[in-house]
Enquirer: 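Handing you this structure, nothing more for now.
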Amino acid sequence: MLQLIYVSTARAGATIDLGQILACSERNNRRDGITGLLHHRGRRFLQALEGEAAMVEATYARIAADPRHFAMVVLSRREVAAREFGDWAMAADDGSGGVVVQVATLVEGAAPNVRATFEGFAAMRAA
Ligand SMILES: Cc1cc2nc3c(=O)[nH]c(=O)nc-3n(C[C@H](O)[C@H](O)[C@H](O)COP(=O)(O)O)c2cc1C
């Protein structure tokens, strides 16, 4: 099984409707056996995708072609024996600080470096 993690930045002027992205992702990812976590903070996204390699690559290619964001950088692409993110989830910063706790819970089962990536991102000042 493949796990892919990337960061990206919302395009200036792009309307980011997180509810729409969530609904569309839930639908497609359930169909494709993709799980993971989409973390949104300020103008940045950090996402983990897990599933069958061809499905992860196809999903990533679709996301990469999305004009709502740019500057995608793959932080990690590795084989995992089992899913580290149990389900599909989104954690968005609402300014309350609750997202740090939320992300910590969602990455509990992930490898230490993956956990550190998400926890560090969640704790960063919004860019
Ligand atoms: C930051 C970000 C994350 C996204 N994550 C996913 C995802 O996990 N799965 C997905 O199918 N689409 C995701 N999308 C949406 C895709 O870019 C694309 O719009 C969508 O897959 C098209 O699906 P459709 O052909 O069913 O309309 C994401 C978009 C953005 C901007």
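Sequence positions, counted from 1, serve as the residue numbers for this chain. One-based numbering, in listed order, for ligands and for the atoms of each. These numbers come from the heavy atoms of this one structure, side chains and all, not from hydrogens, waters or symmetry mates.
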Enquirer: Just to be sure I understand the cut-off, which residues have at least one non-hydrogen atom under 4.0 angstrom from an atom of ligand 1?
Expert: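 Its neighbours under 4.0 Å (heavy atoms only) are Tyr6, Ile21, Cys24, Ser25, Arg27, Asn28, Asn29, Leu38, Phe45, Gln47, Leu49, Thr59, Arg62, Ile63, Asp66, Arg68, His69, Trp88, given by chain and number.
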Enquirer: Tell me the closest heavy-atom pair linking Gly51 and Arg83, and the distance in Å.
Expert: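 That would be CA-NH1, 3.9 Å.
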Enquirer: So which atom in Arg115 and which in Ala110 form the shortest heavy-atom distance, rounded to 0.1 Å?
Expert: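 Smallest heavy-atom distance, with atoms named: NH1-O, 3.3 Å.
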Enquirer: With sequence neighbours left out, write down each residue that passes side chain to side chain donor-acceptor pair (under 3.5 Å) with Glu52, or none if nothing qualifies.
Expert: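 Per chain and number, Glu52 pairs via side chain to side chain donor-acceptor pair (under 3.5 Å) with no residue.
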Enquirer: Can you name the closest pair of heavy atoms from Ala89 and Leu106 and give their distance?
Expert: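 The pair with the smallest heavy-atom distance is CB-CD2, 3.9 Å.
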Enquirer: Which pair of non-hydrogen atoms, one from His39 and one from Ala122, has the smallest distance, and what is that distance?
Expert: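 Taking every non-hydrogen atom into account, NE2-CA, 3.4 Å.
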Enquirer: How close do Asn29 and Thr59 get, counting heavy atoms only, and between which atoms?
Expert: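 Taking every non-hydrogen atom into account, OD1-CG2, 4.2 Å.
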